Peer 1: 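Here it is: the structure, laid out below.
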2 protein chains.
Amino acid sequence: MLYMRSVKDDRTARAVIRDEALRLFGAHGPDGVSVRQIAAAAGVSPALVVHHFGSKEGLREVVDQHVLDTFDEALAEMTQPGAPDLYDPAATGSLAEAVLRHLPSDSPLPGYLRRLLLDDSEAGRILFRRLFTVSQGVLSTLSQAGLASEGNDPAVRAAFLMANDLAVLLLRDRLTEVLGVDPFSPDGMRRWASEVLAVYGSGLLAAAPRQEEP
Amino acid sequence: MLYMRSVKDDRTARAVIRDEALRLFGAHGPDGVSVRQIAAAAGVSPALVVHHFGSKEGLREVVDQHVLDTFDEALAEMTQPGAPDLYDPAATGSLAEAVLRHLPSDSPLPGYLRRLLLDDSEAGRILFRRLFTVSQGVLSTLSQAGLASEGNDPAVRAAFLMANDLAVLLLRDRLTEVLGVDPFSPDGMRRWASEVLAVYGSGLLAAAPRQEEP
DNA sequence: ACGTTGACTGAACAAGTGTTTAGCATGCTG
DNA sequence: CAGCATGCTAAACACTTGTTCAGTCAACGT
């Protein structure tokens with residue numbers, strides 16, 4: 001448990017520290033992890049952590065920025081080339097899901113993004129604002145395409161859709177427990193998206209259509 | 001700042017400690033608050049805290065239980081007598097809001113409930129399960145009254161509605177920032193509920209009706 | 001009046017925190 | 001080769017943490 005770095009690892013020690021910090025911060029929060037734990041996970045001495053990043057706070061800022069960059073990259077990837085996913089009405093409520101599908105299933109990024117959104121940090125504010133802008137853009141595009149209405153209060157409607165979307169990420173573990181299925185698993189995503197689509201499509205009142213077989 | 005207790009305060013010191021812990025835990029999380037800070041806020045010595053509660057962990061458990069009890073009380077109040085709020089279709093998406101309206105606007109309870117839902121604690125699991133059951137009950141009742149459909153996947157639909165509802169609580173500060181209005185303020189609740197009602201009523205596609213004037 | 005119980009405090013303790021310092025290699029550059 | 005920066009560590013520092021201990025004070029029952 002002391003030395004976590006595998007024998008073949010061409011990342012610099014600095015990168016290893018950053019990655020382990022990302023993983024541990026995401027899992028337990030910055031206050032729930034000590035510099036010594038990060039150092040042990042990275043297989044280095046505690047002093048090296050502060051040597052590379054100045055302080056624990058400095059490390060946190062670097063990780064924040066790194067996560068923000070990675071997220072932007074993933075977002076740009078799916079918003080630029082053809083963008084079949086984003087502006088598909090069937091994908092309306094799964095913006096976050098779409099981003100997460102671009103990541104390995106054991107990625108520490110979702111957990112860290114979750115904390116960014118929940119904790120009161122500058123990076124979190126930036127992230128949230130960016131997501132809100134995207135949500136507004138999607139709603140606007142759908143509206144112009146005649147696939148949705150912006151409603152009486154477009155800003156609130158965009159916020160509502162985004163909040164609903166993020167709720168799955170924020171409450172993932174809890175939902176997994178009561179539903180018996182991880183909403184981010186293939187099966188869970190199918191079931192969740194199906195209901196979201198039904199409600200967004202024609203409201204709560206509409207009679208349930210037959211289960212469609214693909 | 002040292003002695004927070006007002007001169008007239010008939011609560012026992014034990015109750016004062018519990019209340020201050022509730023407030024501080026809700027604001028900064030149990031790990032973000034020291035026993036000394038709680039003691040100072042309550043105007044007592046740190047030793048008295050552990051004298052009454054055994055340990056910091058013991059205090060946390062008592063506060064958890066206290067919050068759970070208070071919440072159940074508030075829930076029972078609005079689910080029993082006539083229950084005009086709960087099973088009103090116009091109140092579908094505002095279960096949490098309805099509970100919060102029963103509290104003073106500066107109550108520390110919402111913040112603590114938020115942490116219960118987000119952190120991985122036993123009390124949080126119980127709370128979430130309880131909320132899920134209520135959501136299922138509401139959906140079932142609305143369905144029997146012909147005011148909503150349970151959809152193809154009633155459990156997921158109930159979870160979806162609950163998650164959307166809770167998202168406002170979890171993201172309150174962030175939403176306040178991008179929208180410029182607190183979604184729990186009278187104005188914010190009106191705007192938010194209006195969009196929720198519109199979407200739940202007839203989906204995203206429906207044309208925006210005229211703003212209704214009461 | 002005495003003794004016991006309970007609320008309560010100041011001081012101390014062991015453990016863990018982030019950070020500093022001095023020093024050891026190693027490898028590049030003059 | 002000398003010199004200097006770089007990556008890195010062990011040890012220590014000052015501080016905070018939760019908790020313990022000995023003891024004071026007031027209230028209450030006998």
Side-chain angles (χ1 to χ4, degrees), chain A residues 1-66 115 119 121 123, chain B residues 1-66 115 119 121 123:
Chain A
M1 194 56 182
L2 244 123
Y3 275 52
M4 301 292 290
R5 294 177 68 175
S6 68
V7 286
K8 287 220 171 189
D9 191 340
D10 53 357
R11 290 176 297 174
T12 65
R14 190 175 192 278
V16 175
I17 295 171
R18 177 186 20 77
D19 291 350
E20 289 301 317
L22 164 47
R23 188 176 61 84
L24 290 170
F25 283 168
H28 311 103
D31 292 347
V33 178
S34 71
V35 173
R36 283 167 177 80
Q37 287 172 355
I38 297 169
V44 301
S45 74
L48 189 62
V49 174
V50 52
H51 170 74
H52 277 305
F53 300 95
S55 66
K56 185 184 182 181
E57 174 63 20
L59 172 57
R60 225 214 54 212
E61 286 167 16
V62 168
V63 174
D64 276 4
Q65 194 55 53
H66 178 65
R115 270 184 206 280
D119 297 350
S121 70
Chain B
M1 192 59 179
L2 245 123
Y3 275 52
M4 300 292 291
R5 293 178 70 175
S6 67
V7 285
K8 287 220 168 188
D9 191 340
D10 54 355
R11 291 176 296 174
T12 65
R14 190 176 193 276
V16 174
I17 294 171
R18 173 181 30 71
D19 291 349
E20 290 300 319
L22 164 47
R23 187 176 62 83
L24 290 170
F25 284 168
H28 312 103
D31 293 347
V33 178
S34 71
V35 173
R36 282 169 176 80
Q37 287 171 357
I38 297 168
V44 300
S45 74
L48 189 63
V49 174
V50 51
H51 169 73
H52 276 306
F53 300 95
S55 66
K56 185 185 181 180
E57 174 62 20
L59 172 57
R60 225 213 55 212
E61 287 168 15
V62 168
V63 175
D64 276 4
Q65 194 56 53
H66 178 67
R115 270 184 206 280
D119 298 350
S121 69

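Since we're looking at a predicted model, the values are computed, not measured. Below, chain A is the first sequence line, B the second, and so on; all start at residue 1. Below, each value reflects all heavy atoms present in this structure, side chains not excepted, and no hydrogens, waters or symmetry copies.
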Peer 1: To the nearest Å, give me how far apart CG (B:Leu24) and P (D:dT17) are.
Peer 2: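 Spelled out: CG on B:Leu24 to P on D:dT17 is 13 Å.
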Peer 1: Heavy atoms from C-beta onward define the side chain here; which of D:dC8, C:dG10, C:dT21 lies closest to that of A:Ala13?
Peer 2: D:dC8
Peer 1: Name the nucleic acid region contacted by A:Ser34, choosing base, sugar-phosphate or nothing; use a 4.0 angstrom heavy-atom cut-off, strictly under.
Peer 2: sugar-phosphate
Peer 1: Please confirm whether the backbone N or O of A:Gly26 pairs with a side-chain atom of A:Arg115, one donor and one acceptor, at under 3.5 Å?
Peer 2: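 Here the side-chain-to-backbone pair exists.
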Peer 1: Could you tell me the separation between the CG atom of B:Leu48 and the C1' atom of D:dT19, rounded to a whole number of Å?
Peer 2: 14 Å
Peer 1: Does the C:dG18 base have a donor-acceptor partner in the side chain of A:Arg36 within less than 3.5 Å?
Peer 2: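 Checked by distance alone, the answer is yes.
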Peer 1: Using a 4.0 Å heavy-atom cut-off, does B:Val49 contact any base of the nucleic acid, only the sugar-phosphate backbone, or nothing at all?
Peer 2: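 No contact.
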Peer 1: Between B:Phe53 (CZ) and D:dT19 (P), how many Å, whole number?
Peer 2: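 Spelled out: CZ on B:Phe53 to P on D:dT19 is 13 Å.
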Peer 1: Take atom NE2 of A:His52 as the centre, draw a 6.0 Å sphere, and report whether it contains more than 12 heavy atoms from other residues, nucleotides or ligands.
Peer 2: yes
Peer 1: Would you say C:dG6 has OP1 or OP2 under 4.0 Å from some side-chain N or O of B:His52?
Peer 2: no
Peer 1: Closest approach to the side chain of B:Lys56, judged atom by atom: which nucleotide of D:dT19, C:dT9, C:dT20 is it?
Peer 2: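 The listed nucleotide nearest to B:Lys56's side chain is D:dT19.
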Peer 1: Considering only D:dG18, C:dT19, D:dC8, which nucleotide approaches the side chain of A:His51 most closely?
Peer 2: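 That would be D:dC8.
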Peer 1: Could you state the CD1-C1' distance from B:Ile17 to C:dC8, rounded to the nearest angstrom?
Peer 2: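 Those two atoms, CD1 and C1', are 10 Å apart.
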Peer 1: In whole angstrom, what separates A:Arg14's CZ from D:dT6's P?
Peer 2: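 The distance from CZ of A:Arg14 to P of D:dT6 comes to 14 Å, rounded to the nearest Å.
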Peer 1: Specify the closest pair of heavy atoms between B:Ser34 and B:Lys56, including all atoms of both residues, with the distance to one decimal.
Peer 2: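 Taking every non-hydrogen atom into account, CA-NZ, 4.4 Å.
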Peer 1: Please determine which of B:Val63, B:Val49, B:Val62 meets the side chain to side chain contact (heavy atoms under 4.5 Å, CB included) test together with B:Ile17.
Peer 2: B:Val49
Peer 1: Expressed in angstrom and rounded to an integer, what is the separation of A:Arg60 atom CZ from C:dG18 atom P?
Peer 2: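 Going from A:Arg60 (CZ) to C:dG18 (P), I get 13 Å.
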